[in-house]
Amino acid sequence: MSLTLYNTLTRRKETFEPIDPARVRMYVCGPTVYDYAHIGNARPVIVFDLLFRLLRHHYGAAHVTYARNITDVDDKINARAAADYPDLPLNEAIRRVTSATEKQFHDDIAALGVLPPTVEPRATEHIEEMKRLCEALVTRGHAYVAQGHVLFDVSSMPDYGRLSNRSLEEMEAGARVEVAPYKKGPMDFVLWKPSKPGEPAWPSPCGIAEPGRPGWHIECSAMSEKHLGPIFDIHGGGIDLVFPHHENEIAQSRCAHGTPVMARVWMHNGFLQVEGEKMSKSLGNFITIHELLETRKFGASPWHGRVVRLAMLGTHYRQPIDWTAERLLQARATLLDFADLIASAEPAAAPNADVIAALSDDLNTPSALSIVHGLAKSARRNPEAAGELRATLEFMGLYGGETRSDLNVGVESVNVDAAQIEALVAARLAARKAKDFKESDRIRDELAALGVSLKDAKDPKSGEIITTWEVAR
RNA sequence: GGCCACGUGGCGGAGUGGUGACGCAGCGGACUGCAAAUCCGCGUACCCCGGUUCAAUUCCGGGCGUGGCCUCCA
């Protein structure tokens with residue numbers, strides 16, 4: 001079965017053909033660890049986790065390498081560290097910020113059913129590789145040194161701007177920022193820059209005497225090369241990274257290695273809005289993954305990670321998505337329904353083939369979920385279908401053994417005394433048998449007031465009425 | 001200002017040059033003492049205006065709306 005992916009480079013869907021099927025390689029831009037990851041950050045993490053799972057399905061788990069980096073050197077980290085730990089030396093403060101944030105990130109996304117990537121490189125552990133890239137770019141005439149900076153010379157690359165589909169002339173005409181005086185061209189960007197006293201600093205490359213630190217884009221070029229090679233299969237991230245980040249990554253890697261492409265397929269997930277508005281701290285609708293999972297800040301309830309994941313996958317990854325409490329509510333109702341169907345099912349050996357086919361068409365999750373609903377329908381009758389439903393949900397990361405009450409995390413629930421309920425249910429059944437429907441309805445109302453709802457069913461063999469109950473809320 | 005996405009029924013959301021995916025909600029029916037659950041059935045939806053075509057929601061052009069990037073925010 002073939003896999004089709006939309007490639008930002010060519011602006012169309014293409015049949016995916018790995019460079020080496022025995023080692024399929026994907027790189028995705030990970031978080032900058034200075035604060036809780038927000039719900040917009042969660043989108044690429046979930047989307048590319050699903051692609052990782054699909055690639056493993058197609059090529060074998062041992063034949064896929066997925067690298068997702070941690071950016072732990074950045075001005076925002078420095079600022080945060082100085083603000084949070086004013087009494088500590090900056091480097092110690094930075095270490096505290098990055099390690100705590102990294103742990104938080106891992107906890108958050110594990111709850112979303114995200115598998116660990118094959119490698120998770122950190123920027124600070126690849127400084128030497130970045131410096132070597134700087135040296136190579138200067139040697140090859142694609143970069144120059146000016147006032148302690150190493151700068152990429154965009155005029156040295158004829159097809160700079162191909163990914164974002166914009167020409168140098170357009171960019172310069174539209175530029176609204178003041179150009180630093182040491183730049184040769186206005187679009188030239190920083191590969192390495194001097195550090196101020198107290199800031200993280202490393203010995204500089206390219207004969208620069210003063211210590212410095214890397215620019216933003218260079219880390220991904222260095223880490224992807226080290227872990228995946230100079231040319232690899234898939235590079236992913238949010239659509240807002242297309243320019244300048246990915247464009248500059250491409251420029252650095254291709255010019256340093258003299259290669260025609262960096263990654264063959266570039267994939268970008270669409271942007272996320274919250275309740276119809278851009279998410280921003282000033283609008284007060286900024287929502288972190290942590291808050292979604294652990295607090296009642298959004299939609300008056302905490303939300304189970306699988307619910308968040310389903311809500312995210314309900315929209316195709318390239319479409320814009322409007323993050324609302326309503327869609328979380330719907331996702332939870334769906335998962336609750338599935339949980340009942342598969343709790344006791346023996347998982348099938350493989351996920352449903354039609355679901356795989358839908359996902360293999362550029363990760364068409366809405367279409368895949370439509371097939372999943374069909375599976376759920378059969379599962380009400382057929383235990384085998386229930387097993388297939390279970391295997392499929394597990395494959396998509398939408399089921400990990402959660403019970404109803406797990407999924408209903410934080411939902412106001414009445415404390416029920418099971419023995420008391422059972423007694424009332426039995427009393428109602430007795431009243432029904434005696435055709436005392438007034439009394440049986442009274443008991444049902446009494447149970448409803450306790451938050452317990454009843455389902456009557458006939459035993460198919462004996463014809464006896466069997467009543468099951470559950471806490472509705 | 002430049003570049004780029006998106007606009008589908010009450011809501012969410014695929015897809016397609018010609019028989020209206022799927023989910024939620026709603027309506028009708030079956031089942032039930034009545035319900036719940038379940039099952040069956042039900043919707044003249046494709047932002048506006050032109051154009052191409054035998055035929056456009058789907059292609060092209062224009063407009064409007066929303067959003068993204070051009071300022072190290074996924």
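What you see below is based on every heavy atom in this structure, not just the backbone, and it leaves out hydrogens, waters and symmetry mates. Lettering follows sequence order; numbering is per chain, from 1.
Here the P atom of nucleotide B:G12 and the CG atom of A:L310 are 16 Å apart, to the nearest Å. The interatomic distance linking A:E247 (CD) with B:C72 (C1') rounds to 15 Å, in whole Å. The distance between atom NZ of A:K455 and atom C1' of B:U38, rounded to the nearest whole Å, is 9 Å. Residue A:L363 contributes atom CG, which lies 12 Å from atom P of B:A14 at whole-angstrom precision. In this structure, NE2 of A:H373 is placed 11 Å from P of B:C22, rounded to the nearest angstrom. Note: CZ (A:R404) to C1' (B:A37) measures 11 Å, nearest angstrom. Summarising the geometry, the separation between CD on A:Q252 and P on B:C72 is reported as 14 Å, rounded to the nearest angstrom. The distance from atom CD of A:E277 to atom P of B:G65 is 18 Å, rounded to the nearest whole Å.
Remark: A:R12 CZ is loosely packed, at most 12 non-hydrogen atoms of other residues, nucleotides or ligands lying under 6.0 Å away.
When heavy atoms are screened at a 4.0 angstrom cut-off, A:R381 is found touching the sugar-phosphate backbone but no base atom. Across all strands shown, A:D75 has heavy atoms under 4.0 Å from base atoms, whether or not it also approaches the sugar-phosphate. At a threshold of 4.0 angstrom between heavy atoms, the contacts of A:D456 include nucleobase atoms, whether or not backbone atoms are also involved. When heavy atoms are screened at a 4.0 angstrom cut-off, A:F437 is found touching base atoms of the nucleic acid. Among the atoms of the strands shown, none is found under 4.0 Å from any heavy atom of A:T32. Note on A:I371: nothing from the nucleic acid sits closer than 4.0 angstrom, heavy atoms only. Contact annotation for A:G40: base contact, defined as any heavy-atom pair under 4.0 Å involving a base atom.
As rounded to the nearest Å, B:C3 and B:C24 have C1' atoms that lie 38 Å from one another. One C1' atom belongs to B:C46, the other to B:U8, and the distance between them is 4 Å to the nearest Å. Taking atom P in both B:G13 and B:G9, the straight-line distance is 11 Å, to the nearest Å. B:C39 and B:G23 have their P atoms separated by 10 Å, with the value rounded to a whole Å. Taking the P atoms as reference points, B:G1 lies 35 Å from B:U53, given to the whole Å. Rounded to the nearest Å, the gap between the P atom of B:G62 and that of B:U71 is 26 Å. The P atoms of B:C49 and B:G43 are separated by 26 Å, rounded to the nearest whole Å. Rounded to the nearest Å, the gap between the P atom of B:G18 and that of B:G29 is 37 Å.
Of the candidate nucleotides B:A14, B:C39, B:A35, B:C39 has the atom lying nearest to any side-chain atom of A:R380. With B:C34, B:A14, B:G33 as the candidates, the nucleotide lying closest to the side chain of A:P366 is B:A14. Checking B:A35, B:G68, B:U38 against the side-chain heavy atoms of A:D240 singles out B:G68 as nearest. Picking from B:C34, B:C70, B:C22 the nucleotide with the shortest atom distance to the side chain of A:R444 gives B:C34. Of the candidates B:G33, B:C70, B:G13, B:C70 carries the atom nearest the A:R166 side chain, counting heavy atoms from C-beta on. Between B:A37, B:U66, B:C70, one nucleotide has an atom nearer to the side chain of A:Q273 than all others, and that is B:U66. For A:K377, whose side chain is taken as the heavy atoms from C-beta onward, the closest listed nucleotide among B:C40, B:C22, B:A36 is B:C40.
Contact check, A:R327 against B:G13: a side-chain N or O comes under 4.0 Å of OP1 or OP2. Of the side-chain N and O atoms in A:T315, one or more sit less than 4.0 angstrom from OP1 or OP2 of B:G13. In this structure, A:K278 reaches the B:G68 phosphate: one of its side-chain N or O atoms is under 4.0 Å from OP1 or OP2.
A salt bridge is absent between A:D322 and A:R327; no separation between the charged side-chain nitrogens and carboxylate oxygens falls under 4.0 Å. Residues A:D188 and A:K184 are not paired through a salt bridge, judged by the lack of any N-O separation under 4.0 Å between the basic side chain and the carboxylate.
Checking B:A14 for Watson-Crick or G-U wobble geometry (two distances, each under 3.5 Å) identifies no partner in any strand. Across all strands shown, B:C46 forms no Watson-Crick or G-U wobble pair with both distances under 3.5 Å. Across the strands present, B:U58 finds no partner; the criterion is a Watson-Crick or G-U wobble pair with both atom distances under 3.5 angstrom. The pairing partner recorded for B:A5 is B:U66, the criterion being a Watson-Crick or G-U wobble arrangement whose two distances lie under 3.5 angstrom. In this structure, B:G28 forms a base pair with B:C40, meeting either the Watson-Crick or the G-U wobble geometry with both donor-acceptor distances under 3.5 Å.
A heavy-atom distance below 4.5 Å is not found between the side chains of A:L393 and A:R306.
Heavy-atom nearest nucleotides on RNA chain B were determined for A:S367 and for A:C29, and the one closer to the 5' end corresponds to A:S367. Between A:G30 and A:F243, the residue whose closest nucleotide on RNA chain B is further toward the 5' end is A:F243.
Between the A:R43 side chain and the A:N269 main chain, no donor and acceptor come within less than 3.5 Å of each other. Under the 3.5 Å distance criterion, the side-chain polar atoms of A:R309 are matched with a main-chain donor or acceptor of A:L112. In this structure, the side chain of A:E275 does not engage the main chain of A:T324 through any donor-acceptor pair within 3.5 Å.
Checked against the 6.0 Å centroid criterion, the rings of A:H217 and A:H246 do not qualify as a close aromatic pair.
A stacked arrangement is not assigned to A:F271 and the six-membered base ring of B:G68, the conditions of a centre distance below 5.5 Å and an interplanar angle below 30° not being jointly met.
Applying side-chain hydrogen bond (donor to acceptor under 3.5 Å, both in side chains) to A:K13 and the options A:D361, A:T4, A:D362 leaves one that passes, A:D361.
For A:W192, the side chain to side chain donor-acceptor pair (under 3.5 Å) partners two or more places apart in sequence, or in a different chain, are A:S204. Residues passing the ring-ring contact (aromatic ring centres under 6.0 Å, His included) test with A:H290 are A:Y36, sequence neighbours excluded. Under the rule for a side chain to side chain donor-acceptor pair (under 3.5 Å), the partners of A:N7 that lie at least two apart in sequence or sit in another chain are A:E14.
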Short heteroatom pairs, N/O only, protein and nucleotides 15-17 of chain B, under 3.5 Å:
from  : atom 1 : to     : atom 2 : distance (Å)
B:G15 : OP1    : A:N364 : ND2    : 3.4

Show which side-chain atoms of residues 427-435 of chain A pair as donor or acceptor with protein atoms under 3.5 Å away, not counting sequence neighbours.
from   : atom 1 : to     : atom 2 : distance (Å)
A:R428 : NH1    : A:D456 : OD1    : 3.3
A:R428 : NH2    : A:D456 : OD2    : 2.9
A:R432 : NH1    : A:D456 : OD2    : 2.8

Protein-proximity profile, nucleotides 4-11 of chain B, B/S/- by nucleotide at the 4.0 Å heavy-atom cutoff, equals --S----B

Might you work through the salt bridge (Lys or Arg N to Asp or Glu O under 4.0 Å) test for A:R380 and A:D337, ending with a clear yes or no? CA-CA 10 Å; A:R380 292 184 205 290; A:D337 187 31; 3.0 Å; yes

